[in-house]
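Everything numeric here is computed off the predicted structure, so don't read it as measured data.
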Amino acid sequence: MRGVGRRYAGVTALAAIDLEAHAGEVLAIVGENGAGKSTLLKILSGVVEPSEGTIEVADRAGVLRAVRLDGVRDASRAGIALVHQELNLAENLDLAGSIFLGREPSRFGVLDLRLMRREAAKWLARVGLELDPSTLCEKLPIAHRQLVEIAKALSTEARVLILDEPTSSLSARETERLLAIIDELRAAGVCIIFVSHHLDEVVRIADRVVVLRDGRQTGEFLRGRYDRASIERAMVGRDIARAAPRTSRAGEAVRLVVDSVVGTHHRRKPISFDVRAGEIVGLAGLVGAGRTEVLEAIAGVVRHSGRVTLDGVALEGDTAARVRRGIAIVPEDRARHGLFLENPVSMNMSLAWLDRHSRARLVPTASESSLVAAMVARMQLRPPQPRRRVQTLSGGNQQKTVIGRWMAVDPAVLLLDEPTRGVDIGARAEIHAEVRRLADAGSAVVFASSELEEILMLADRIIVMHEGSIAGEIHAQDATEVAIMRLATGGAPSEGHNA
């Protein structure tokens, strides 16, 4: 990329980017949400055209040639494939159909379904998924969808593979498998552009790191000449402060009690635990361990047996009824289940507040505008434009929007499923600070995260799940990654940890 830039309605999203990526290299691109990473990837993959600058791609003979990418097909013909952060599978198709959409094999003009499913099985196995290619995409959890997207990109045999937050929904085990695949592709001469907020992965896998801030390049690091702290400083222009340890909540009143709960979609051992006022409880475990199902049962998203009580009174009814009681849930898949993407930030952020403050279907517009302005500032939304459509925001700012919706009404219980998926390190610190502030005001918080680092940073107490049941419980002061993973993989608890 030579002097590449992009402007939207006169606003510069990307400016004067000079970038090279080589065969057999993993180039990591990092930056805060809104730094310009998504715009850069959209230009490279043909989704949008640059306002200025040129792009050159080597042909199969290794000769660089200028290309004009007028669409995704042009990028694919040039040997470029992009795996989006916001997943893009055709949910009404099976896995084979989604992987080969637009490239279906045929014989004499007739779809060769047997060949397509056989080839799909090969690419699914490549990413560690032993799934029937005839499985419908809509039946898959988000982690498996992400791996299918990667299998789809690999099936194009691209020479330039762009991975946008590829591990954001993966467990530690699945992440290890993906990083091993990246190593194999690098050895095979594929050029890999790797975008991730997981800086430990970047430090481990990248040959070179390019940092963006406010649409401009602010740093470039070669392997062996950087560490995590230096990348963080280049990303945010400052050192990231670590949160001080929180005081024990052992003497506070119990707010939420989950008693012998079994969800209809996850028939395993009954789940029982409680959460005190001001306490932050983390649910750890591998993908498929049942963490999401527990949160959905508490929120009334799925039917369940057993009993859930808030402040001593049983929770009954559907999600709407429980929201009125003070239960709030931020879903794992914000795009599908958490946001109205076509609508503005203001509408998305004020929904819960309006439910409590509108009278006879009349909206107090002045109060609503004041609330939204305060929440945009409090959540540090970038850009701070309440009228902007949510779908135009970066992933991190979308997440701040849906979390801000509930922060605006001070819920009694906040349930967070992967609260910082696809969120940069600066925004993650801001979200964690807001969660702690809510807990300090007396709310009970339960969150599920696939990131052990996040579990250790945020939780006062950690409940580890394995195959649908609670494998053990660890208090924050005793928690280590090794202790959590031992329980998450079915091992016995070490001394001092509750089973």
Are [X] and [Y] ion-paired here, with the side-chain N under 4.0 Å from a carboxylate O?
| X | Y | result |
| --- | --- | --- |
| Arg208 | Glu220 | yes |
| Asp460 | Arg249 | no |
| Glu453 | Arg228 | yes |
| Glu91 | Arg145 | yes |
| Glu430 | Arg382 | yes |
| Arg428 | Glu451 | yes |

For this session: Compare all side-chain heavy atoms of Ile474 with those of Leu487 and state whether any distance is below 4.5 angstrom.
Result: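 Yes, side chains in contact.
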Exercise. Would a 4.5 Å heavy-atom cut-off, applied to side chains only, mark Arg405 and Leu339 as touching?
Worked result: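 Yes. Closest side-chain heavy atoms under 4.5 Å.
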Problem set entry | Lys NZ or Arg CZ of Arg6 over Tyr8 ring: under 6.0 Å, within 45° |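 Ring-cation test returns yes.
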Taking atom types as modelled, find out whether [X] and [Y] have a side-chain donor-acceptor pair closer than 3.5 angstrom.
| X | Y | result |
| --- | --- | --- |
| Asp417 | Thr292 | yes |
| His304 | Glu296 | no |
| His197 | Glu165 | yes |
| Ser450 | Arg291 | yes |
| Gln399 | Thr420 | no |

Exercise. Given the rule in the side chain to side chain donor-acceptor pair (under 3.5 Å) test, do Glu454 and His432 qualify, once you have shown the distances and angles that lead to the verdict?
Worked result: CA-CA 9 Å; Glu454 179 166 57; His432 285 184; 2.8 Å; yes
Can you tell me if [X] uses its side chain to pair, donor with acceptor, with the backbone of [Y] under 3.5 Å?
| X | Y | answer |
| --- | --- | --- |
| Ser370 | Ala366 | no |
| Thr218 | Ala234 | yes |
| Arg255 | Asp274 | no |

Problem set entry | Option among Val26, Val195, Ile182, Ile193 that satisfies the side chain to side chain contact (heavy atoms under 4.5 Å, CB included) test with Leu163 |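 Only match with Leu163 under side chain to side chain contact (heavy atoms under 4.5 Å, CB included): Ile182.
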